[in-house]
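Worksheet for the structure shown next.
Basis for what follows: all heavy atoms, side chains included, without hydrogens, waters or symmetry-related copies. For clarity, every value in this text was computed on a predicted model and none was experimentally measured.
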Amino acid sequence: GCGCGTLEWLIQVATGVSVTGYEVNRIWWEGVHSTPHYINMEYVDEVEGKTCLIPANTAIMFCYFNNLEYFHKYLQEYQGPCVILIGPIDGERHCDPEPKYLMDHKDWFLMSKMSLRGEDEIAIYKRRE
């Protein structure tokens with residue numbers, strides 16, 4: 001999920017690219033204890049089939065995602081050219097998949113990566129043709 005969408009909002013404002021966030025549990029994210037959200041949100045658990053179909057002309061980003069089963073489901077359904085994985089690399093924290101998860105994948109290759117102070121990494125993968 002995108003949480004409140006702060007990173008996604010920054011991407012949208014800086015680039016002009018339209019961003020949609022996918023999250024679960026509208027009751028929490030629309031509730032009084034939630035942080036405000038900064039982007040358009042869709043709630044996957046309210047969609048038939050409990051999945052989101054990402055348009056093929058877009059990138060898909062997983063930031064500190066923590067459900068490998070759903071990651072594989074979304075990746076299998078996604079037909080677009082770019083996957084962005086963001087997460088820790090310092091061994092102190094965890095996400096699943098981690099940024100290097102697609103390094104040896106038959107359908108994806110690493111286009112670029114950026115280390116953030118040696119604690120986190122952004123990995124950008126492109127679909128093999």
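Residues Ile122 and Leu116 meet the side-chain proximity criterion, which asks for heavy atoms closer than 4.5 Å. With contacts defined as side-chain heavy-atom distances shorter than 4.5 Å, the pair Glu8/Ile39 qualifies. Ile124 has its side chain out of reach of Leu110: every pair of non-hydrogen atoms, C-beta onward, lies at least 4.5 Å apart. Side-chain atoms of Glu46 and Arg26, non-hydrogen and from C-beta on, do get closer than 4.5 Å to each other. When side chains are defined from C-beta on, Trp29 counts as touching Thr35, because their heavy atoms get closer than 4.5 Å.
Tyr43 pairs by the side-chain hydrogen bond (donor to acceptor under 3.5 Å, both in side chains) definition with Glu30, not counting sequence neighbours. Listed by chain and residue number, Ile11, Met61, Cys63, Ile86 satisfy the side-chain contact (heavy atoms from CB on, under 4.5 Å) test with Leu7 (two or more places apart in sequence, or in another chain).
No donor-acceptor pair closer than 3.5 Å links the side chain of Tyr78 to the backbone N or O of Lys73. Proximity of a side-chain donor or acceptor of Ser34 to a complementary backbone N or O of Gly31 within less than 3.5 Å is not detected. At least one donor-acceptor pair closer than 3.5 Å links the side chain of Asp45 to the backbone N or O of Asn25.
What you find for Ile54 and Ala59 is that their closest heavy atoms are CG2-O, 4.4 Å. Contact detail for Ile89 and Ser115: the closest heavy-atom pair is CD1-OG, 3.9 Å. When all heavy atoms of Trp108 and Cys82 are compared, the pair lying nearest together is CZ3-N, 4.0 Å. The two residues Pro99 and Pro88 have their closest heavy-atom pair at CD-O, 3.9 Å. The two atoms that bring Val44 and Tyr22 nearest to each other are CG2-CB, 3.8 Å, heavy atoms only. Annotation for Phe65 and Phe71: closest pair CE2-N, 3.7 Å, computed over non-hydrogen atoms.
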Checklist entry - Under the side chain to side chain contact (heavy atoms under 4.5 Å, CB included) criterion, do Leu75 and Leu102 qualify, and how do the steps go? => result CA-CA 11 Å; Leu75 193 62; Leu102 294 176; 4.0 Å; yes
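Here side chain to side chain donor-acceptor pair (under 3.5 Å) pairs that include residues 86-106, with residues two or more places apart or in two chains, are Tyr64-Arg93, His72-Tyr101, Asp90-Arg93, Arg93-Asp120.
Between Phe109 and Tyr125, the distance from one ring center to the other does not fall under 6.0 angstrom.
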